[in-house]
> 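Starting off with a structure, shown below.
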Amino acid sequence: MMTRTSQPRASLHTLGCRLNQAETSMLGERLRRDGYRLVEFGQPTDLLVLNTCSVTEDAERTSRYVIRKTLKHSPHAFIAVTGCYAQTGPDGLKKQAGIDLIVGNQYKLDLPSYLPPSDRLQKRTTPEVHRTKAIARDDFELDLYAQPDSTRAPLKIQDGCSTMCSFCIIPFARGQERSRVLADLLREAEQLAAQSYREIMLTGVNIGQYRQDGADLCAVIRRLEQIAGLERIRMSSIEPTTVTDELLDLMASSPKLCPYLHIPLQSGDDGILAAMNRSYSAGEYRDLIERALRKVPNLGLGTDIMVGFPGEDDEAFDRTLQVATDLPFAYFHVFPYSPRPGTAAVKLARPVDPALVKRRTAILMARSQAKRLAFHDRHIGRTVPVLFESGLQEGYCAGTTGNFLKVAVPSTTDMTNQVHQVTITAASERRAIGHITPHASRTATLPVLSS
Ligand code: SF4
């Protein structure tokens, strides 16, 4: 058996959602502790950990491509695949050459325990598979905390979903909804604050369903607000049916909870929403957004829209376009419908012609770009607090406001992890441009985050 004397290299790659990104960071931290040297994805490596997505066929295709690409520059690399594709499509993955280990979502964060010793990573003729058919419905504690590589640290509070939207594979890939033990997530948040992370993003599959130890999402936010040093608490995507008035009031009054909501619309047509098994109407969605805008000044608003769901005729699409146009979104993410094996929607009649799906996607994306520009334009002349996060690039430092406006400021110094008041002077579709307002400035002397 070949043994290695130098420090083994590990490369990690994530496809899909923010939750996957958070989990990949945790796996990276564990591998680092186990003696691996982390190298950037795309560099020669001894181990690739691929955290996959199965929300679309495209994501699965990308997983296969990433493996082939890695084996080209690192033909002896041990390939470990985990995540939603490993959970829902292990048989397909087993047929792909070059994979050595497949770990389903139940065991994802234990993946390093299933690796051979780091000095004995050997390619296998057939992959070893660790996967359960169903995912246990337990509340969970995490014994791994990651060192996030951005100023915005993801904090996982929840996993799984029990909603069963007819197009969605997530309930199969990640199991029923379950929440993280409250004391455990508060401990991680305190550690992040102690390490100078100023913003955390609450992540999960359906974070509005957080219920644990007598606490719901609002209670979690109130507890997090008390942590000294944490300045911003941001929510990732949240389902419309879980956005309560209590949450909106909290957002309106909280000095820390960011005025930002990403609330998936999916469709503006009631027939399509019903076929998707979404439990709200387009009118109820509009009412919610209007209520949120009334309560929370300067709200940054994003959404997801699905195009080409079976039965989406011209009238249904027009209704979606109308809702998307009428409401003051800052942007929307547009997803062409992709039939996922095992979901209820695959049995639905009246598929939409792919060429039409492409045209509708393009229309919505163009509308989203116009919305983004309008959102950026609305800020011209205003002075806003910006948390800088990107280092110095091409003479600019970039960061975000609480309502998720991306702002760049010409600079000769790296202001990463500092907050400054910035007056916005110009805007493009990509970002707003501004200058630091000297007297309103609040600089920070916190250490620059290490990755
Ligand atoms: S709410 Fe619907 S779309 Fe979102 S994860 Fe659950 S089943 Fe999927």
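Nothing fancy with the numbering, it's 1 onward along the sequence. Whatever order the structure lists them in is the order used to number ligands and atoms, beginning at 1.
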> Does Thr242 use its side chain to pair, donor to acceptor, with the backbone of Glu239 at less than 3.5 Å?
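It does hold such a pair.
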
> Counting from 1, what ligand 1 atoms have a heavy atom of Arg278 closer than 4.0 Å?
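Counting from 1, the qualifying ligand atoms are 1 (S), 2 (Fe), 3 (S).
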
> Taking 2.8 Å as the cut-off, does Cys161 contribute an N, O or S atom near atom 2 (Fe) of ligand 1, distance below it?
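Short answer: no, not a single N, O or S atom is under the cut-off.
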
> Which residue holds the protein heavy atom closest to atom 4 (Fe) of ligand 1, what is that atom called, and what is the gap in Å?
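Minimum-distance protein heavy atom for atom 4 (Fe) of ligand 1 reads Glu239 OE2, 3.5 Å.
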
> Taking the six-membered ring of Tyr65 as reference, does the cationic atom of Lys69 (NZ for Lys, CZ for Arg) lie under 6.0 Å from its centre and within 45° of its axis?
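Lys69 over Tyr65 ring: no.
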
> Hey, which atoms in ligand 1 end up nearer than 4.0 Å to a heavy atom of Phe167?
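In order of number, 3 (S).
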
> I'd like to know if the side chain of Asp269 reaches the main chain of Ile272, judged simply by a donor and an acceptor atom lying under 3.5 Å from each other, with no hydrogens or angles considered.
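Here the side-chain-to-backbone pair exists.
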
> Can you report which non-hydrogen protein atom sits closest to atom 7 (S) of ligand 1, along with the distance?
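The closest one turns out to be Cys165 N, 3.4 Å.
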
> For atom 5 (S) of ligand 1, grab the closest protein heavy atom and report residue, atom and distance to one decimal in Å.
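That would be Val205 CG1, 3.5 Å.
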
> Does Arg180 make a cation-pi contact with Phe140, if we ask for NZ or CZ under 6.0 Å from the ring centre and within 45° of the axis?
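Judged by the rule, Arg180 and Phe140 form no cation-pi pair.
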
> Just need the protein heavy atom nearest to atom 8 (Fe) of ligand 1, so name the residue and atom and give the distance.
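Going atom by atom, the protein heavy atom closest to atom 8 (Fe) of ligand 1 ends up being Cys168 SG, 2.3 Å.
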
> Which atoms from ligand 1 have a heavy atom of Pro171 less than 4.0 Å away?
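Under 4.0 Å from Pro171, ligand 1 has these atoms: 7 (S).
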
> Assess the residue pair Ser74 and Arg9 against the criterion (side-chain hydrogen bond (donor to acceptor under 3.5 Å, both in side chains)); give the C-alpha distance rounded to whole Å, side-chain angles, the decisive distance to 0.1 Å, and a yes or no.
CA-CA 11 Å; Ser74 303; Arg9 299 160 298 181; 5.8 Å; no

> side-chain hydrogen bond (donor to acceptor under 3.5 Å, both in side chains) between Glu60 and Ser54: does it pass, once the steps are laid out?
CA-CA 6 Å; Glu60 294 183 354; Ser54 61; 4.7 Å; no

> Just jot down the ligand 1 atoms closer than 4.0 angstrom to any heavy atom of Met164, in number order.
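Here the atoms of ligand 1 in question are 7 (S).
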
> Run through Thr24, Asn51, Thr82 and flag the one making a side chain to side chain donor-acceptor pair (under 3.5 Å) with Lys108.
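Checked Thr24, Asn51, Thr82 against Lys108; only one passes side chain to side chain donor-acceptor pair (under 3.5 Å): Asn51.
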
